[in-house]
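Please read the structure below before turning to the comments.
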Amino acid sequence: MKPRKADPARFAVTPSEGIALQKELKGLVRKHWDGRPIRHIAATDVHFPARSSARAAVVIVSYPVLEVVETAVHEGPVTYPYIPGLLSFREIPPLLMAWQKLKIAPDLLLCDGQGIAHPRGFGLASHLGLVLGLPSIGCAKSPLFGSFDEPGPLKGGRAPIRDGSNRTIGTVLRTRDGVNPIFVSVGHLIDLRTAVRIVLSCTTRFRIPDPLRAAHRLAGGNL
DNA sequence: GCGACAG
DNA sequence: ATCTTGTCGC
């Protein structure tokens with residue numbers, strides 16, 4: 001067989017293949033922001049109403065106003081189990097189905113999960129950003145990989161997330177006074193500073209950035 | 001071998 | 001993610 005070139009649209013069928021694919025695709029992730037204007041941001045989330053069904057949602061908001069301008073959903077069968085570190089193989093297929101229904105082409109993606117703050121530097125946000133060829137930011141509610149200190153207690157408080165080599169791979173960010181922080185990391189085509197700035201500018205009065213909250217609601221989650 | 005582990 | 005009411009705090 002001819003050796004396959006890295007193809008972001010290819011999906012693993014076994015955990016070991018998924019891991020191999022992540023290691024391969026990691027090399028294509030770009031951690032630099034080109035300064036392009038942001039007019040629309042797409043937030044994504046997937047909900048699992050039953051064990052075998054997935055409901056993916058995409059919400060596009062204007063930026064920086066954060067007005068919802070378009071939404072898309074897709075509900076279908078689950079095709080991959082939840083395995084820590086392999087979340088993208090479970091959530092990307094339904095997300096792409098919803099994505100196809102969009103009319104507006106967003107400038108940036110906000111994903112509910114890690115970007116490069118991942119055991120192999122290739123979390124959901126990196127994978128989806130690479131597949132769609134768009135800048136993306138990982139925004140998770142809990143840590144998956146790396147070590148960090150407790151950030152300051154007030155909104156804007158932050159601390160670096162570091163890998164085993166002491167490299168910064170993300171930011172633990174307090175988005176409101178006194179709430180648990182969120183975990184922000186580069187997905188693709190962006191730098192960490194810009195990612196944190198955008199996440200903060202998308203957060204008005206809740207812990208979770210407004211666009212992600214809207215996507216979470218559309219997908220079927222509570223609050 | 002043991003524990004940790006996005007959603 | 002999901003199972004789920006009241007309750008604590010601003």
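Convention: sequence-line order gives letters A, B, ...; per-chain numbering from 1. Side-chain atoms are counted along with the backbone in the values below, which use heavy atoms only and exclude waters and symmetry mates. On a predicted model such as this, the values are computed, not experimentally measured, just so you know.
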- Message: Less than 4.0 angstrom between a side-chain N/O of Lys141(A) and OP1 or OP2 of dG7(B), yes or no?
- Response: yes
- Task: For dG7(B), take OP1 and OP2 only and decide whether either is under 4.0 Å from a side-chain N or O of Ser142(A).
- Result: yes
From [atom1] of [X] over to [atom2] of [N], roughly how many Å is that when rounded to an integer?
X	N	atom1	atom2	answer
Asn222(A)	dG6(C)	CG	C1'	16 Å
Leu154(A)	dC10(C)	CG	C1'	15 Å
Phe148(A)	dC5(B)	CZ	P	9 Å
Ile116(A)	dA6(B)	CD1	P	18 Å
Leu95(A)	dA1(C)	CG	C1'	14 Å
Gln114(A)	dA4(B)	CD	C1'	14 Å
Tyr80(A)	dA6(B)	OH	C1'	15 Å
Asp112(A)	dA6(B)	CG	C1'	8 Å

NA contact type, [X], heavy-atom cut-off 4.0 Å: base, sugar-phosphate, or nothing?
X	value
Ile182(A)	nothing
Gly178(A)	nothing
Pro49(A)	nothing

- Message: Salt bridge check, Glu24(A) against Arg120(A): does any charged N sit closer than 4.0 Å to a carboxylate O?
- Response: no
- Item | Arg193(A) bridged to Asp191(A) by N-O distance under 4.0 Å | no
- Test Trp99(A) against every option in Ile92(A), Val58(A), Val131(A) by the side chain to side chain contact (heavy atoms under 4.5 Å, CB included) rule and name the one that passes. Val58(A)
- Task: For Arg176(A) and Arg205(A), indicate whether the former's side chain and the latter's backbone hold a donor-acceptor pair under 3.5 Å.
- Result: yes
- Is there a donor-acceptor contact under 3.5 Å from the side chain of Ser53(A) to the main chain of Gly76(A)? no
- Taking the six-membered ring of Phe206(A) (Phe, Tyr or Trp), confirm whether the NZ or CZ of Arg213(A) is under 6.0 Å from its centre and within 45° of its axis. yes
- Task: Fit a plane to each ring of His127(A) and Phe89(A), take the angle between them on a 0 to 90° scale, and name the class: parallel (under 30°), tilted (30 to 60°) or perpendicular (over 60°).
- Result: perpendicular
- Message: Wobble G-U and Watson-Crick pairs count when both distances are under 3.5 Å; given that, what is the 5' to 3' dot-bracket string of DNA chain C, with | for pairing to other strands?
- Response: ..........
- Query: Is there aromatic stacking of Tyr82(A) against dG7(B), centre distance under 5.5 Å, plane angle under 30°?
  - Reply: yes
